[in-house]
Student: 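Okay, handing you the structure first.
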There are 2 protein chains.
Amino acid sequence: MLTPERHQLILQLIKEKPIVKIQELVDLTEASESTIRRDLTLLEEGKFLKRVHGGAARLRGKLQEPSMVEKSSKNLHEKRRIAQYAANLVEEGDSIYLDAGSTIQEMITFLPTKDIVVVTNGLMHLPALLERNIETYVIGGYAKPKTNAIIGRGALGSLEQYRFDKCFLGVNGIHPQSGYTTPDQEEAMIKQKAMSLAREAYVLADDTKFSEITFAKIADLHEAAIITNELEEESKGQYTSKTSIKVVTS
Amino acid sequence: MLTPERHQLILQLIKEKPIVKIQELVDLTEASESTIRRDLTLLEEGKFLKRVHGGAARLRGKLQEPSMVEKSSKNLHEKRRIAQYAANLVEEGDSIYLDAGSTIQEMITFLPTKDIVVVTNGLMHLPALLERNIETYVIGGYAKPKTNAIIGRGALGSLEQYRFDKCFLGVNGIHPQSGYTTPDQEEAMIKQKAMSLAREAYVLADDTKFSEITFAKIADLHEAAIITNELEEESKGQYTSKTSIKVVTS
DNA sequence: TCAGAAATCAATCATTTTCTTTCAAAAACA
DNA sequence: TGTTTTTGAAAGAAAATGATTGATTTCTGA
């Protein structure tokens, strides 16, 4: 049985029942348990279902999603690995700040759920955070339509109310002289303020951000640690990317 | 039986009966007592129910809230007409407060988009507001998972930053003596504060809310105008409903 | 009101089930 | 053919489960 056939079968079954056991799928498809597990992992990454211990469950909200492109771009995969690395830095008891933005959003899946407090200005993060029952605070202020981020004077004041163990930021440019930059002046101010309220600041950035400079400066390089995918040269001239953390200190 | 299956079963049972005994659940799910206890602990942490000696009890407020899904189409239609009436009160240049809740959400479609400013604590309203390019401000604070509303101490302070021409609120109970009530004390405080910051306050409520009393008092009847569907008797003993506005003054 | 009985509880541990990781064989592909 | 992708099997790790223990709460009857 071909891979896409199995996937179709699984998706069809999960449209009928809210939960399917792995053993059911093994019997139905006559594939091995390993294969089914791999299928479920892929389908979960594509946001088609949710894995649960013993099987898979239907996603709430996405009852029928007719035209959904398989997410397999290399870039997304890199983002996810960077995000996962960052999420692993969060420990029980931490209070953390999550910046708006798609890279940071990928972190949410990997965050521990117990005994952490999240503060965010990213409206797009809220469904996932609440879904995972993570204690979440939103800062107040103007809701910027384009990026779904909370910004503005009110946001700065609202941020002042909190202190963080760790703060995770997205940026658009990383440059030795110009430091971290982002196109929107107001967003830069929020990021700046969040950094100043955190004990440790992390910037998440894939390799495309390096040597870029955009309009508004956030901070100098040494003011945050960068979590990125460093490209490493391997034998035979092949490159593979490896998520590692690079810390620039003053 | 998979863990989430049991959880669903438990939640379903507790929607029917306000209290379930552990032994019932053991018999029903054919799991051990230990497992059921663990399930209840988890579900309590997720704020889905409350453990009591011998079993589990339904949460207050969860009572008339089967997850916002089951609304009779008639009821929804009434809500929409009430919401439309309310939205027509908003004029260009107004700054308005929109409370969290499904009735208020229906207003968004009918709001004018030009030259109005919206402040809200309802996270579920944001996609629609931003979609319509309405200038939107969110108040900061704790994001309550069950209702997707911003509440808490921070929210009150955040609200203080604003003043409104009109404020639109949802309530759960309307009663001559007890005034407007809602199940959550914290949400009541937010509604109260929003009212105090507005020149005109409106409560949106369909006829099912009348003579109801829930836990936390928001205000006396005369402090807001009620927008509701009054039932009017027509010829031949037929009833039709007509959306009208009823103002109670002191 | 009190003491004893019964029921319920949290905590712990051994067992079972499920998961992830790894590796090599098979299949698909160029 | 050589290379990549998919697959299945196996081993060790992690999670879920059920039974047991002793503590706590509730019930019962004087």
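Numbered from 1 within each chain, the chains take letters A, B, ... in sequence-line order.
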Student: In whole Å, what is the span from the CG atom of L2(B) to the C1' atom of dT18(C)?
Tutor: 10 Å
Student: When all nucleic acid strands are considered with a 4.0 Å heavy-atom cut-off, which category describes V26(A): base, sugar-phosphate, or nothing?
Tutor: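 Nothing: the residue V26(A), judged by heavy atoms under 4.0 Å, touches no strand.
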Student: Does R6(B) put a side-chain nitrogen or oxygen below 4.0 Å from OP1 or OP2 of dA16(D)?
Tutor: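 No, no such contact exists.
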Student: Take the angle between the ring planes of F168(A) and Y202(A) and call it parallel below 30°, perpendicular above 60°, tilted in between.
Tutor: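 Plane angle under 30°, so parallel.
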Student: Does a side-chain N or O from T3(B) land closer than 4.0 Å to OP1 or OP2 of dT17(D), or not?
Tutor: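 Yes, because at least one side-chain N or O of T3(B) sits under 4.0 Å from OP1 or OP2 of dT17(D).
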Student: Where each residue is assigned the nucleotide of DNA chain C containing its nearest heavy atom, which of Q23(B) and S34(B) is assigned the position nearer the 5′ end?
Tutor: Q23(B)
Student: Distance check needed: dA10(C) P versus R51(B) CZ, whole Å only.
Tutor: 4 Å
Student: In whole Å, I'd like the distance from the CE atom of M1(B) to the C1' atom of dG18(D).
Tutor: 17 Å
Student: Nearest to the side chain of T35(B), heavy atoms from C-beta on, is which of dG18(D), dG8(D), dT7(D)?
Tutor: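 For T35(B), the side-chain atoms sit closest to dG18(D).
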Student: Roughly how many Å is it from CD in E45(B) to P in dA10(C), rounded to a whole number?
Tutor: 12 Å
Student: For the residue pair Y162(A) and E160(A), confirm or rule out a side-chain donor-acceptor distance under 3.5 Å.
Tutor: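 Side-chain D/A pair, Y162(A) to E160(A): absent.
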Student: Among dC9(C), dA19(D), dC19(C), which nucleotide sits nearest the side chain of H53(A)?
Tutor: dC19(C)
Student: Whole angstrom is fine here: how far is it from CZ in R37(A) over to P in dT17(C)?
Tutor: 14 Å
Student: What is the distance, rounded to the nearest whole Å, between atom CG of D39(B) and atom P of dT17(D)?
Tutor: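 Between P of dT17(D) and CG of D39(B): 7 Å.
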Student: Donor-acceptor pair under 3.5 Å: do we get one between R38(B)'s side chain and the base of dG18(D)?
Tutor: yes
Student: Any pair with a residue in residues 1-10 of chain A that passes salt bridge (Lys or Arg N to Asp or Glu O under 4.0 Å), sequence neighbours left out, goes on the list, sorted by first then second residue, please.
Tutor: R6(A)-D39(A)
Student: I need the CD1-P distance between I36(A) and dT6(D), as an integer number of Å.
Tutor: 15 Å
Student: Report the distance from atom CG of L42(A) to atom C1' of dT7(D), rounded to the nearest whole Å.
Tutor: 13 Å
Student: Counting only side-chain heavy atoms from C-beta out, which of dT6(D), dG18(D), dC9(C) sits nearest to I22(B)?
Tutor: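 Per side-chain heavy atoms of I22(B), the pick is dC9(C).
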Student: Any chance the side chains of R51(B) and T41(B) put a donor and an acceptor closer than 3.5 Å?
Tutor: yes
Student: Less than 3.5 Å apart, any donor N or O on the side chain of S32(B) or T35(B) sitting next to an acceptor on the other?
Tutor: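 There is such a pair between these side chains.
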